[in-house]
Structures are given as structure tokens and as C-alpha cells.
Visitor: 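Can you keep this structure in mind? I'll have questions shortly.
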Amino acid sequence: MEQNGENHLKDPLLQADGGGSGASPAGASPRKERKTRKVMFNVRGISCASCAVSIETVVAGLKGVESVSVSPLQGQAVVQYRPEEADARTIKEAIEGLNFEVDELQEQEIAVCRLRIKGMACTSCSESVERALQMVPGVKKAAVGLALEEAKVHFDPNITSRDLIIEAIEDAGFGADLISSGDDVNKVHLKLEGVSSPEDIKLIQSRLESVEGVNNVECDTAGQTIIVAYDPDVTGPRLLIQCIQDAAQPPKYFNASLYSPPKQREAERHHEIRNYRNQFLWSCLFSVPVFMFSMVLPMISPFGDWLFYKVCNNMTIGMLLRWLLCSPVQFIIGWRFYVGAYHALKRGYSNMDVLVALGTNAAYFYSVYIVLKALTSESFEGQDFFETSAMLISFILLGKYLEVVAKGKTSDALSKLTELAPETACLLTLDKDGNAISETEISTQLLQRNDVIKIVPGEKVPVDGVVIKGQSHVNESMITGEARPIAKKPGDKVIGGTVNDNGCIIVKVTHVGSETALSQIVQLVEAAQLARAPVQKLADRISRFFVPTVVVAAFLTWLGWFVAGQFDIYPREWIPKAMDSFELALQFGISVLVVACPCALGLATPTAVMVATGKGASQGVLIKGGNALEKAHKVKAIIFDKTGTLTVGKPSVVQTKVFSKIPLLDLCDLAAGAEANSEHPLSKAIVEYTKKLREQYGSHSDHMMESKDFEVHPGAGVSANVEGKLVLVGNKRLMQEFEVPISSEVEGHMSETEELARTCVLVAIDRTICGALAVSDPLKPEAGRAISYLSSMGISSIMVTGDNWATAKSIAKEVGIGTVFAEIDPVGKAEKIKDLQMKGLTVAMVGDGINDSPALAAADVGLAIGAGTDVAIEAADIVLMRSSLEDVITAIDLSRKTLSRIRLNYVWALGYNVLGMPVAAGVLFPFTGIRLPPWLAGACMAASSVSVVCSSLLLQLYKKPLHVEEVAAGPKNDPDLV
């Protein structure tokens, strides 16, 4: 990543997710903007001014409406209202009440919220939640992650609210809790002290709402806590605490301290694990005796004889005990399956709960029938299946317990990332001269932008910042995967969560809260885990007809065996003792019901994506969801940019040539004056060279000559008016554009320079070429091996650059790239990608700059290397935190391994169902005598889900296929080479 100075202090290291609330107008305070909202309607049927007046009169009379304007010509109504007293739906209904037709709202504000969903077991459940959300008026988009157990909802706050969305989820039979909303990304939780009445809290709330930069204030009067959403550019937590203290009127005294709410996800995960464990243990308390009384003791003659003592008619003690012990398991411990099945059927779909409820009820109520028949008859003999019902529920609960434990481990990598930041930081107070006068240890959460902190050797960097004093090496392996410590000096960025190795550094804070690189990595990975991979569609399609098919198959199994038994199609000796043909058929039917497992299919993709994205993030490869993973494994051609991708990206001027009598320093001053406004690496190299040249000539001024009419010519260079002269700095194409004559001497010098793999930059003054600068950008040490390894993976490498043909060919030959396209502008790069795609190739693009963003967006898979620019990151599908090309290989290899794992999961999940159901239906019974009892079928079903999750967890063992050891003093960290 390129060195970065004060000019970039406000640039985020990673671009935040774009799915937030609508942007505020420039200069407007978000807090003030929320006081009123504006909504526009298309109103049809307005024929004259009196219609408009009638609409205005009715709407203006509604509570909360501040202003209304109706245009008869355009047929539009614009209403300004207070959202706490009115909403767009009420206004719309009022207009419709006047017999006007109101079309969809325009200029809708889109809000975002993330919700924790409880009670999802399989793909059918997640689809049901998604359907319920999409049916809510005002919801524009809803994504539900089964493995993550979360939903991200984009909605119009003028039409619906977060409470209505949660209500819709609960109506569908699932629990929902709000995790966060898109409009309060920076929040601080404060515990109030000295507050004695609700009036005190209202006073504090009003004071905080009046602070510039405060977006929202939520108060909990009972708990005396307050949550403040704020803009970190304007204010910060210490200022908010000071505001609370200042709100008190003597003799009252207010204070506030940081309050850390319990981690909801972890707390709920532990609660769910504990709940399943306790339910399993309680079920075992009843199921084990039922199993003993049914399957074990009757086989041991003297010990089990008492079970056959008759209580009344043919009802034995064993029957009565099994009935009494099984009933709590069926109706109390197993109540969750009834609730899940009810809500599923109510919504018109079916899930695992339906299968379990059908299977256990069939076994239980048939057993009750046997008991009642035995109770009322002296001659009736029959076998009950109470152990089937009880053991089945116990095994399913055991499977769910193991599954929840395993699913918790799929997000381990993400959890470790969130815990990287230290809890405290050393805050410095500086005097006017910038000298430290005091040190204070404060919570990391209290840090604000532009604070100055001290980081001693061995300490973690608390937040993102820029080094202003001192030198050290920082271990960034936990964020970027970079194995060796990175040298840091004044002007270099440091990332929160990394470890300072061997020197004391003073850092100015640039990003806090959700804007830090660490927070944005976590947000990006969480968003990726919510995104559904295309391969998931297979499970979605199967889940729609899976359960109904299983129910039909179970019924046909029972019917087939029952009819065959009634008509003596199979020998009577096949029927086990104490059973008849109906009971045997019933057992086969129940086994088919409970052996089928839709859960394993639903978990096959999301668990693998969760583990892969978390593992990639821990190695500095941020993959934006299952879609990017799936496309990356198909890549057959990779297009590389040259500067900053194959090369180090820090070019330097290595040779100069003057073609006129102008002094070299004057020539460079004019060139640097023209290039000063450009962000291109070559421009920076020329400016840096000019500064060093001035020092050699005894001048220490960093001021560049003033330029006017500055213009960038993509793929050619720049032009500007410097000191009244037209200065052109660029390549041969720029000179041709401005009709500048190129002499044979210049042509010869250009050829010599380009043959050395250097870029020849021509400088023309008033349309006369006066000099040339040879710029060299060294290759990355791993470039050759990376290209060779990609070739061994069956992937062809192509280089596309705006540089000249000779330099491009020389670089390509050195690294082993056979196909080169040179002198291509940014739009041309995108066109080349489209040409390759037309040939049927899946194309990836690796780039690092703004000029690469069109190509990154056009490619099937865009990889932004070195955490490049914000624009490149936004356009890319995969973000590589380091500048190493080995991470390109890691990204593609990880995607291939993940897709292989997903396919293996599907083979197992589908194979299990395809093989398990026939075995449960008794296909092997006539030939081998092997029969799958229902309780054992339930154990198999539980094991299938656990095995799929454990299979996905094996991705945690992933290792990088290529690891290149860079030389210790590489160009990346040597300031003298720049």
C-alpha cells in the first residue's frame, strides 16, 4: 500500500457498504433532517385548481403535517410532515379518501436494519422469513442468512418501521431482535449517574440532541442508560460525556461512564446451546427409562418379568410406565416441533418440524390406541412404540445441540477479528509546540478523531491513524496476513488491531468506531455471509418440494407394506414377534418420515461460505459473498494492470535527458508544476525527483509552480499552463495529440529507454520537446512465481497497461506473461475484458487504482490489490489487503476449495437422503433382514446435519498454496528508493 500523508487523513481505509440510508444534503445536520420528512405522491384525477385546494385542505388538517403543496399541472403532491406524529401511509389514505388515485411514492428514503432471527432450522425456514419480509409494504429488499441467523432489510421508513418488520417475522413463527440500523453506525452506550427522575433524563436527552453531530438519542429510564448515535467528523464520546456533566444545575451532579451491553450474538448463541443441551438431558431423563423398559429389560428374564404384570385386562405395567414417561417428552419437551410445524403450515410451506411432528405423533398416538385397546380388552395383544417417539425426539435434540455448537465455530475467525482491538489507549495532551505534557489511559471507545496517542513496543494499535513521530515495525499479520513486520515512519498509516513491535510511535487518530479498517472488514465479511451464492439455488429448489415428497413417500411406504401384509404377499415370518403387518408397515412409514433431512441440504452452502469468508479475512483476502466465491473458481484468464500490480507501484526517476538549452532544474520545475495536481504514480515520481533535485541545488522549498488549465489525458499524460507556458508531460500519444514534432534524436532515446523496461516521459514546453525523464518501477519479487503458479492452475495471465509497447513487452517477458495489450486507456481495459468474455472465458481483473475501476466492474471477478483506492474497492468483488500477488492465487484457490467443499456437502446431503430413504422404507429388509427402526432413523437424520457442518469446518485448516518470502529490505519499505 502506498505511503500516505496528511492529505489522506480523512480517506477511509476501506469503503463502507453502500446499503445505508439516503445521504443528507450538504451542510445539513442528520439530526435536524430527521425532525421532518418530505414525501411526494403522483395523484391522478386532479382536473382543476379546486381539486388541488381540497387535497391541500384535507392533508393540512392531518396531525403532524407541516406543509402541503399540490400541483394540478404535474399531478403531484409534496407533503412535509413530522414522522413521530404522521406517516406517508396515513397521508396517502387521506388523499385516496377524496376519490383520487395515488401512485407509488417517489424519492423514497431507504433505511437499513439488521435483525437476529431465532428458530430457523433449514432452507425452508429462511425462505419463509424472506417471503414474510417481502410481503411487508415498504420493504424493498430482504436477505436472510441461514448459517448467520441474520436478516438485512432495506425498507422505506415512510411506509413501514422496524417494529412492523419484527412483527411480520414473529407472525411467521420466528423470533427477531434488532442488531443495528443503518443510520446509527457510530454509537456509544453510556451509563448515567446522579439521575434521580425522568425529568433529569429528558433534560440530558434534549441537551444531547442539541449538540451538533448527534444523530439520535435513545434513553432507557429504568436502566438509566443512554445510547447516542453521532457523526465522528463533528463530535465524539468525550464531548458527549462533558455535555451530560454540563447539563446539571447545582446542587445536582450528572456524570456518565461507558457502558458495554452484553454481546447479543454470543449471549444468544450460548443460550441456544444451553437450551438444546438442557432439553436433550431432560428428554434423556424420560427416554432412557422408556428405552430400558421397552428394549432391554424384557430381554433379561428375571429382571423384566414385572413389566408384564397386568394392571387391567391386557394393559401391563410396562405399557403404563412407557406411556407416562413418553408423554412429557412428546408434549412438553417436543412442543417446539408442534409450534414450528404450525407456523410452517400456516404460511403454506413445510419444514423439518412437520416431518418430526408427523413421525412422532404417528408413533405416539398409535401406541396410545394400543394401550387403550389393551385396557378395554381381555384378549387383545399389541406392541406399543412409545420408545420410538421418545428416542426420536431425544436424538433430534442431540443433533440440534451438536449442530448449534458446530455452527458457532463457523464464525470463529470473525469473532477473533472483532476482539483484536485493545480495550485501552494512552492519550497524550500536547502543548502549542506539539510537546506531550501529560498521558492519560482511557478506553479505546472514548477516542475521537484527531486525538494523539502513544503506542509503546508490544502494545496493540487501538484505532486507525497516521504516525506523526517515531519509527517502528508493526506486525499486521492478523489484519492483512503479511508475515513479516512492516516498517512505519512519520506519514505512514497504522491499522487498529495490529501490534507495535520494537519502537515507540506517536499516532494521530484518523478513524474511530465503525470507520476503522477492522470494523469495515467485519462489516464486509458479515455482508458477504448474508449474500446467497448461486449454488444455493439448488437447495432452495429442492426444499420447495422436499417435505411434501417425503410425506407422500412415507404414506406410500406404509400403504405398500400394509397391503402386502394383508394379502400375504411376503412370508409371515418376516414380521417381528409381538407385531402385526400394520405395525411393521407403520414403523417403515415413520422411519421414512424422520430419516429425510432437509436441514443438511440447507446448511451445505452457507456454512462453507461462512467459514471460507472468515478464513479469507484472517489471511487478508476479503471476499464479498458466495457469488464472488462461485465466480472466482471458474476463472480461466486474469488481466493484470502493470503499475502497482505487477510492479511495486513506487516508480522513481532514474535518468534525465535534456534536448534544449533549458537548465535541468527549470525543466523539472515546469514538469512538476504540471504534474502536482495528478495522483498518478508517475506524476508523484516526477514531483519527488524535483524536490530532491532542488535539495542538490541548495533549495529546500517544497512549493511547486502554480499551474492553470490543468487537464488529464487518460492513457497519455497531463497538460497545464505553468508560468504562462503550455507544458505537456506524457508519452508519445500526448505529443501527437498536440501536434508536437518528434525528432529522430527523441525517437532514438525513447527506444533505448523502453528496451531497458523503463517508461520514457516526454516534457514539451510550448509545443517543443525539451527533455525526457526515464522512470523505472521495479517488479514485485513474487511476480514471476505468481504468474508461473497461475499457469500451473490452468489460468492464463494477460497484461493490460497504458504504458508504451516496448516497456510493457519487456516487463511481460520478465515475469512470463505471453499476451500483452499496451497503450490502453481505462475504458479500453474494460473493452478488452468484454472481448475475452465474448470468447466464453471467465475473466478476472487485478488492479489497484481509480483508473482500474471500470475494468474491475466489467470483469467477472474484480480483485482490488493492496487495499488500493476506495473506488477500486467499491468496484471489486474481492479485496486483497496486501500488495502481494500471492493473495491473487490464495483468493482463487480458496474459492476452488470452497466450491469443492460445497459440492462434497451436497453429495453427502443428497446422497444421504437418496440412500437413507430407501433403507428406511425397507428395500433391504427382504434380502438382508436389515430394518431401520424409527429412533435409529432419527439419529441418522441428526447426524447428517452435524456431518455437513463439520465438513464445512474443515476449511478452517486451509493453507495458502504459495508463500513467497520477500527480502527483508525490499523496495516496499526502503524510503531511499522512492
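For clarity, every value in this text was computed on a predicted model and none was experimentally measured. In this chain, residues are counted from 1 in sequence order.
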Visitor: Give me the atom names and distance for the closest heavy-atom approach of Met120 to Glu149.
Guide: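 Shortest heavy-atom contact: CE-CA, 3.8 Å.
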Visitor: Closest approach of Gly847 and Leu856, non-hydrogen atoms and distance?
Guide: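 Closest approach of Gly847 to Leu856: N-CD2, 4.1 Å.
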Visitor: Please assess Ile117 against Leu115 for the test side chain to side chain contact (heavy atoms under 4.5 Å, CB included), listing each intermediate value before the final yes or no.
Guide: CA-CA 6 Å; Ile117 311 295; Leu115 303 164; 4.2 Å; yes
Visitor: Between Glu130 and Val144 (side chain of the first, backbone of the second, donor and acceptor by atom type, cut-off under 3.5 Å), is there such a pair?
Guide: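 Side chain of Glu130 to backbone of Val144, a donor-acceptor pair under 3.5 Å: yes, one is there.
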Visitor: Just wondering, do Lys92 and Phe41 contact through their side chains at under 4.5 Å, heavy atoms?
Guide: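 Yes, side chains in contact.
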Visitor: List for me each residue that meets side-chain hydrogen bond (donor to acceptor under 3.5 Å, both in side chains) alongside Glu711, sequence neighbours excluded, and say none if there are none.
Guide: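 Not a single residue meets the side-chain hydrogen bond (donor to acceptor under 3.5 Å, both in side chains) criterion with Glu711.
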Visitor: Starting at CE of Met610, measure out to OG1 of Thr898 and round the result to the nearest 0.5 Å.
Guide: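 That separation rounds to 13.5 Å.
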Visitor: For the residue pair Leu629 and Ala612, what are the closest heavy atoms and their distance?
Guide: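 That would be CD1-CB, 4.2 Å.
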Visitor: Between Lys140 (side chain only) and His154 (backbone N and O only), is there a donor and an acceptor less than 3.5 Å apart?
Guide: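 Side chain of Lys140 to backbone of His154, a donor-acceptor pair under 3.5 Å: no, none is there.
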Visitor: Could you please spell out the steps behind the side chain to side chain contact (heavy atoms under 4.5 Å, CB included) verdict for Val217 and Val214?
Guide: CA-CA 8 Å; Val217 181; Val214 170; 3.7 Å; yes
Visitor: Report yes or no: does Ser895 contribute a side-chain atom to a donor-acceptor pair with the main-chain N or O of His633 at less than 3.5 Å?
Guide: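 Yes; at least one donor-acceptor contact below 3.5 Å.
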Visitor: Are Asp641 and Lys829 close enough that some pair of their side-chain heavy atoms sits under 4.5 Å apart?
Guide: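 SC-SC contact between Asp641 and Lys829 confirmed.
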Visitor: For residues His189 and Thr225, determine if any side-chain heavy atom of one lies less than 4.5 Å from a side-chain heavy atom of the other.
Guide: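 No, too far: nothing below the 4.5 Å cut-off.
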Visitor: Not counting sequence neighbours, which residues clear side-chain hydrogen bond (donor to acceptor under 3.5 Å, both in side chains) with Gln134? List them please.
Guide: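 Result, side-chain hydrogen bond (donor to acceptor under 3.5 Å, both in side chains) vs Gln134: none returned.
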Visitor: Side chain to side chain contact (heavy atoms under 4.5 Å, CB included), that's the test. Do Tyr81 and Ile91 meet it? Break it down for me.
Guide: CA-CA 9 Å; Tyr81 67 96; Ile91 298 167; 3.9 Å; yes
Visitor: Is it true that Lys202 and Glu199 make a salt bridge, defined as a side-chain N closer than 4.0 Å to a carboxylate O?
Guide: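 Looking at Glu199 together with Lys202, the answer is no, because their closest N to O distance does not fall below 4.0 Å.
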Visitor: Is there a side chain to side chain contact (heavy atoms under 4.5 Å, CB included) between Ile833 and Met845 once you walk through the steps?
Guide: CA-CA 8 Å; Ile833 288 171; Met845 167 72 192; 4.0 Å; yes
Visitor: Give the minimum heavy-atom separation between Ala604 and Ile902, together with the two atoms involved.
Guide: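 Closest approach of Ala604 to Ile902, heavy atoms only: O-CG1, 4.1 Å.
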Visitor: What pairs with Asp835 under side-chain hydrogen bond (donor to acceptor under 3.5 Å, both in side chains), at least two apart in sequence or on another chain?
Guide: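 Partners of Asp835 by the side-chain hydrogen bond (donor to acceptor under 3.5 Å, both in side chains) criterion come out as none, since no residue qualifies.
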Visitor: With a 4.5 Å limit on heavy-atom distance, are the side chains of Ile878 and Val861 in contact?
Guide: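 Yes, their side chains come closer than 4.5 Å.
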Visitor: Considering non-hydrogen atoms only, spot the tightest contact between Cys243 and Val211 and give its length.
Guide: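 The answer is SG-CG2, 3.6 Å.
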Visitor: Using atom types as modelled and distance alone, determine if a side-chain donor or acceptor of Asp860 lies under 3.5 Å from a backbone N or O of Val843.
Guide: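 At least one qualifying donor-acceptor pair exists.
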Visitor: Check for a donor-acceptor pair, side chain of Thr90 on one end and backbone N or O of Ala86 on the other, with a separation under 3.5 Å.
Guide: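 Such a contact is absent between Thr90 side chain and Ala86 backbone.
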Visitor: Any sub-3.5 Å donor-acceptor pair from Glu56's side-chain atoms to Val70's backbone N or O?
Guide: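 The answer is yes, because a donor-acceptor pair under 3.5 Å joins these two groups.
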Visitor: Could I get the full list of side-chain hydrogen bond (donor to acceptor under 3.5 Å, both in side chains) partners for His343, not counting sequence neighbours?
Guide: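 By the side-chain hydrogen bond (donor to acceptor under 3.5 Å, both in side chains) rule, His343 matches no residue at all.
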Visitor: Is there a side-chain contact between Leu190 and Val188, using heavy atoms and a 4.5 Å cut-off?
Guide: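 A side-chain contact under 4.5 Å exists here.
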Visitor: How long is the span from the OG atom in Ser210 to the CD atom in Gln205, to the nearest 0.5 Å?
Guide: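 The OG atom of Ser210 sits 11.0 Å away from the CD atom of Gln205.
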Visitor: Quick one: pull up CD in Glu630 and CD1 in Ile623 and give me the separation to the nearest 0.5 Å.
Guide: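 Going from the CD atom of Glu630 to the CD1 atom of Ile623 covers 13.0 Å.
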Visitor: Residues two or more places apart in sequence or in another chain: which of them pass side-chain contact (heavy atoms from CB on, under 4.5 Å) with Ser678?
Guide: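 Residues passing side-chain contact (heavy atoms from CB on, under 4.5 Å) with Ser678: Glu675, His680, Ser683, Phe710, Val718.
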Visitor: For the residue pair Leu836 and Ile639, establish whether any side-chain heavy-atom pair is separated by less than 4.5 Å.
Guide: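 Sidechains of Ile639 and Leu836: in contact.
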Visitor: Hey, does Arg116 have a side-chain heavy atom less than 4.5 Å from the side chain of Leu178?
Guide: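 No. Closest side-chain heavy atoms not under 4.5 Å.
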Visitor: Looking at side-chain heavy atoms only, is the closest gap between Arg207 and Ile244 below 4.5 Å?
Guide: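 Counting from C-beta outward, Arg207 and Ile244 never come under 4.5 Å.
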Visitor: Mind listing the closest non-hydrogen atom pair of Thr160 and Pro137 along with its distance?
Guide: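 Result for this residue pair: CB-O, 3.3 Å.
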Visitor: Would you compute the distance between atom OH of Tyr230 and atom OG1 of Thr235 and round it to the nearest 0.5 angstrom?
Guide: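 Rounded to the nearest 0.5 Å, the OH-OG1 separation comes to 8.0 Å.
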Visitor: Does a salt bridge link Asp177 with Lys118, judged by any charged N lying under 4.0 Å from a carboxylate O?
Guide: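 Yes, Asp177 and Lys118 are salt-bridged.
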Visitor: Who passes salt bridge (charged side-chain N to carboxylate O under 4.0 Å, His left out) against Glu167, sequence neighbours left out?
Guide: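 Glu167: no salt bridge (charged side-chain N to carboxylate O under 4.0 Å, His left out) contacts found.
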Visitor: Would you give the length of the straight line joining atom CZ of Arg114 to atom CZ of Arg162, rounded to the nearest 0.5 angstrom?
Guide: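 Those atoms lie 13.5 Å apart.
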Visitor: Determine whether a donor-acceptor pair (N or O, by modelled atom type, separation under 3.5 Å) exists between the side chain of Gln448 and the backbone of Val512.
Guide: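 No: the side chain of Gln448 does not pair with the backbone of Val512.
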Visitor: Which distance, rounded to the nearest 0.5 Å, do you find between the OG of Ser54 and the CZ of Phe100?
Guide: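 One finds 4.5 Å between OG of Ser54 and CZ of Phe100.
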